Amino acid sequence: MNGKLLLILLVIIASVQGCAGTAPHLQLVPQEGTHPFPFFDSPTPVWRYNQQIPGPTIKAKEGSILVVDLFNQLNEPTSVHWHGLRIDNAMDGVPGVTQDPIQPGERFSYRLRLQEAGTFWYHPHFNSGEQMERGLKGVLIVEERDKLPWSQDLVVLLDDWLFQRDGTIYPHFNTHPDLMHDGRWGNAITINGQVKPEISVSPGERIRLRLINGANARIFSPTFEGLPAKVIAVDGRPVSTAFPLTRFILSPGNRIDLDVTIPADAAGKTFYLEDRFTRDTLVLGKIIVNDATPVTTPEFDPPLAPGFIPARLFNDVEVAKTWDLNAVRGGKFGIGWAMNRRLWPEADKADFKIGRPIKIEFKNSSSRLHPMHIHGAFFRVLAVNGAPAVESFTRDTVLVGPRETIVIGLVPEHEGVWMAHCHIQAHAESGMMTTIKVE
Ligand code: C2O
Ligand code: CU
């Protein structure tokens, strides 16, 4: 039996067992390999989970326990972080904070109690600027207890790659240019490892698209030209009220779930998924509508989370922590991205009490972008540059733009030491990381 088949079988067994309430089991093996990109004659050397780019899409049920055995076949240590999941702190995958690095040839078993349904993803938290860029990442879908009748439920993992002419990945990471700017932006974009993939649909179909920004640094603002798409979840959690996808900023780490109905009269049409973040509009992928007779569009309401961490919890709360974001000289690369002028691991850390609402202020004193991410929690954006700006959803990652100040509200619910860091990998690795200790 080949590896892929075995994996598919394991996933099937996993989901079957998930229903029975026992722990689904999966093995994740990071390893060197290759991946074909259409620009080059020969496949590009990459690092992969389970011999595929991206890694396997792991599916398990809300409320179940998922066990993932990592077997490190790389030539360097690694770890896996489950981005967005609220889990036991010991399973969070941060070397030096929640576990030891997993050495080459070693194994580590992650036991994940899946508290809420939604779109999550996984990636290394060790030498991650390089390990993620070489291809190590994948999507984790926690399925709702009751399945809704979308005709297709599709993963759209956005990523970019910095290739050299010879088809290899540019082998220098956390370079001076990366650090002086917004990290490593690639010269090729992929969705699920493919260039401008096509999704085929019938007129009338109602599909769910899960967009994940898995890039090291590139920011996307995805739009569908001519196709009404509604955002129904952000960073894994349902929104309070669905809203149209117009100018959503999808930073590294962010996810959005879209509810898209293909118009019944759209037979033969092509819709483009485009990125509008930079001045050039980039085509990311296509939805191609076939000529079949329209299918009946299923009617149902997607899940909503109106009362989840309501903004009023923070009405009389003072800012408990301000983190000033700026560059300093020093650190292991000569330039360090700092939080309150301190570089990880000499960070300015926070200590919060479980269950008590707190406010955090991110004050970006630089002219660069910092998508700030907090592990093991969801937070609500409350104010931008001093003006109230309550979003109708919660997040785990928020982009703090040049000279911008953002106040977020958070209720720590899980004990442990949780990372707070910039999700631009070069910024994080040069020092822009700290921890929040919850007791
Ligand atoms: Cu995707 Cu520490 O994060
Ligand atoms: Cu940053």
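Quick caveat: nothing in here was measured; it's all calculated off a predicted structure. Heads up: numbering here begins at 1 and tracks the sequence. When a ligand or atom number is given, it counts from 1 through the structure's own listing order.
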Checking distances from atom 1 (Cu) of ligand 1, one finds that the N, O or S atom of H123 closest to it is NE2

In H83, the N/O/S atom nearest atom 1 (Cu) of ligand 1 carries the name ND1

Measure from atom 2 (Cu) of ligand 1 to each N, O or S atom of H421 and report whether any distance is below 2.8 Å.
yes

Compute the ring centroids of [X] and [Y], then answer whether they are less than 6.0 Å apart.
{"X": "F220", "Y": "F248", "answer": "no"}
{"X": "H375", "Y": "H125", "answer": "yes"}
{"X": "H421", "Y": "H427", "answer": "no"}

Yes or no on salt bridge (Lys or Arg N to Asp or Glu O under 4.0 Å) for D348 and K321, after CA distance, side-chain angles and deciding distance?
CA-CA 10 Å; D348 180 25; K321 187 79 189 172; 3.1 Å; yes

May I ask you to decide if the ring planes of F120 and F378 are parallel, tilted or perpendicular, using 30° and 60° as cut-offs?
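Tilted: the ring planes of F120 and F378 meet at 30° to 60°.
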
Regarding H81, does it place an N, O or S atom less than 2.8 Å from atom 1 (Cu) of ligand 1?
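Short answer: no, not a single N, O or S atom is under the cut-off.
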
Short check: any N/O/S atom of H125 below 2.8 Å from atom 1 (Cu) of ligand 1?
no

Out of the N/O/S atoms in H427, what is the name of the one closest to the Cu ion (ligand 2)?
ND1

With a 3.5 Å distance limit and no angle check, can you tell me whether R107 reaches the backbone of I102 through a side-chain donor-acceptor pair?
no

Quick check on the Cu ion (ligand 2): does H370 put an N/O/S atom closer than 2.8 Å to it?
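It does; at least one qualifying atom falls short of 2.8 Å.
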
